[in-house]
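Below is one structure; the comments refer to it alone.
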2 protein chains.
Amino acid sequence: MQVITHFIMTEKQEKILHSALELFAKEGYSATSTSKVAKHAGVSEGLIFRHFGSKEGLLDAILKEGEEKAKLLFASIVFETNPQLVIAKTIDMIESLGKSKEGFEFWKLQYKIKWETEKYSEQKMEALHMSLSNAFNKLGYETPDIEATFLLITMDGLATRLCLQESFQVEPMIIFLRRKYKV
Amino acid sequence: MQVITHFIMTEKQEKILHSALELFAKEGYSATSTSKVAKHAGVSEGLIFRHFGSKEGLLDAILKEGEEKAKLLFASIVFETNPQLVIAKTIDMIESLGKSKEGFEFWKLQYKIKWETEKYSEQKMEALHMSLSNAFNKLGYETPDIEATFLLITMDGLATRLCLQESFQVEPMIIFLRRKYKV
DNA sequence: ATTATATAAGTAAGTACTCACACAAATATC
DNA sequence: GATATTTGTGTGAGTACTTACTTATATAAT
């Protein structure tokens, strides 16, 4: 088994990761067999285990990529000093979620895995929570911490609808939120 | 295979249903085998198929029970005429969610299944949505429909946290919401 | 005497994973 | 610079085990 360095990666390695992401997001982790992933990627099943060690190792590789993507996404919010922009950017985040097909699959997997494996990534969100709490404090909100939690929970709910309810219209909700927070 | 009438049900049938609910909620539907359910319920595996036809039939029986539970829970809100009480009762709903162990498992399964099988139960919530929309309208809110959607999404987000984040404190959020809507 | 309840012991198909073996590219030795 | 040696990439057929589901058979209730 090989350590994945992210920079050196064979074509087939990438194909496996991409296929696994797609299938895990569509069918779920437990319901997707390694043989299905191999067939979809057009490689032998053994290659998955050569590169990722186990089925769980394959999932971990996908989730690790995800963490870096999330960090990148949060960075522009966390380093923002204008409190109104912090809130506005947080709200806008949800819009970018469904823009690309790959991005949508990625976030859907994150949520699906959260329910399937029961490992809620509290710490990943902590930086964002602090930024929001700080922003609400600057703007003179009474309970900035709860206000921040509340907005993040709302974003969670919105993302859930976006992933599971095809007919769901996000735009009206985003406009509603912007007006509510005056950003 | 037998039609489940809900009123006539053997002890073993109930044990199967109860065990399946517990295991599906804990491990997920795909990750729970029928043999696991049988062992947990203390019956032979064949009995599951005699009574429920298939693994999916077993799930359907649980979900059907769930629909009736949900209807009962929503009834006291839908038939409420005081708009402030409609909102208050909707918010309070989340508190009752985690009260009993069985109730918690039941709602956890509902959410888990929603992510695992991709069948979002829009219509189940429609009556509640209309009641809320009507309440917000009576109270003079500008966009009562969006306001109702927003509250329901918030409730979704809260339920998610409650199910997945053990450390999560609901009470402060409920107090916050009550103050926010002045109910 | 019929019907419903229950089981134990099957079934074929799938599961995650291993292993022997082939080939290609990089590295070391002469 | 040619040759030997290691290393990484890839496969296909296999492993033991689990999966959802069936069937023959026995017992209990009506």
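No hydrogens, no waters, no symmetry mates; every other heavy atom, side chains included, goes into these values.
- Ring pair B/Phe150/A/Phe150 is perpendicular by interplanar angle, where above 60° counts as perpendicular and below 30° as parallel.
- Distances shorter than 4.0 Å separate some side-chain N or O of B/Thr10 from OP1 or OP2 on C/dA6.
- Taking atom NZ of B/Lys55 as the reference point, atom C1' of D/dT18 lies 12 Å away to the nearest angstrom.
- When distances are taken from the side chain of A/Thr34 to each of D/dC21, C/dA6, C/dA16, the shortest belongs to C/dA16.
- Atom P of nucleotide C/dA4 and atom NZ of B/Lys12 are separated by 18 Å, given to the nearest angstrom.
- Counting only heavy atoms from C-beta on, A/His51 has its side chain closest to D/dT9 among D/dT9, C/dA6, D/dC21.
- At a threshold of 4.0 angstrom between heavy atoms, the contacts of B/Ser30 with the nucleic acid are absent.
- Rounded to whole Å, the distance from CD on A/Glu11 to P on D/dT11 is 12 Å.
- To the nearest angstrom, P of C/dT5 lies 11 Å from CE of B/Met9.
- Among the nucleotides D/dT19, C/dT7, D/dT22, the one closest to the side chain of B/Leu47 is C/dT7.
- In this structure, the CZ atom of A/Phe52 is 16 Å from the C1' atom of C/dC17, given to the nearest Å.
- With a 6.0 Å cutoff to the six-membered ring centre and a 45° limit on the axis angle, B/Lys69 counts as a cation-pi contact of B/Phe106.
- For B/Ser33, taking side-chain heavy atoms from C-beta onward, the closest of the listed nucleotides C/dA16, D/dT9, D/dT19 is D/dT19.
- The cluster map of Ile, Leu, Val, Met, Phe, Trp and Tyr, joined by side-chain heavy atoms under 4.5 Å apart, puts A/Leu85 and A/Leu73 in different clusters.
- D/dG12 atom P lies 14 Å from atom CD1 of A/Ile48, rounded to whole Å.
- Checking D/dA20, D/dT11, C/dT7 against every side-chain atom of B/Glu45, the shortest atom distance belongs to D/dA20.
- One interatomic measurement links the two molecules: NZ of B/Lys39 to P of D/dA20, which rounds to 12 Å at whole-angstrom precision.
- Aromatic rings from A/Phe176 and A/Tyr181 are positioned such that their centres are separated by 6.0 Å or more.
- Atom CZ of A/Phe49 and atom P of C/dC17 are 5 Å apart (whole Å).
- The side chain of A/Arg50 lies closest to D/dT9 when the candidates are C/dT5, D/dT9, C/dA16.
- When distances are taken from the side chain of A/Ser35 to each of C/dT15, C/dA16, C/dT7, the shortest belongs to C/dT15.
- A/Glu147 and A/Ser133 are not linked by any side-chain donor-acceptor pair at a separation below 3.5 angstrom, with hydrogens and angles left out of the test.
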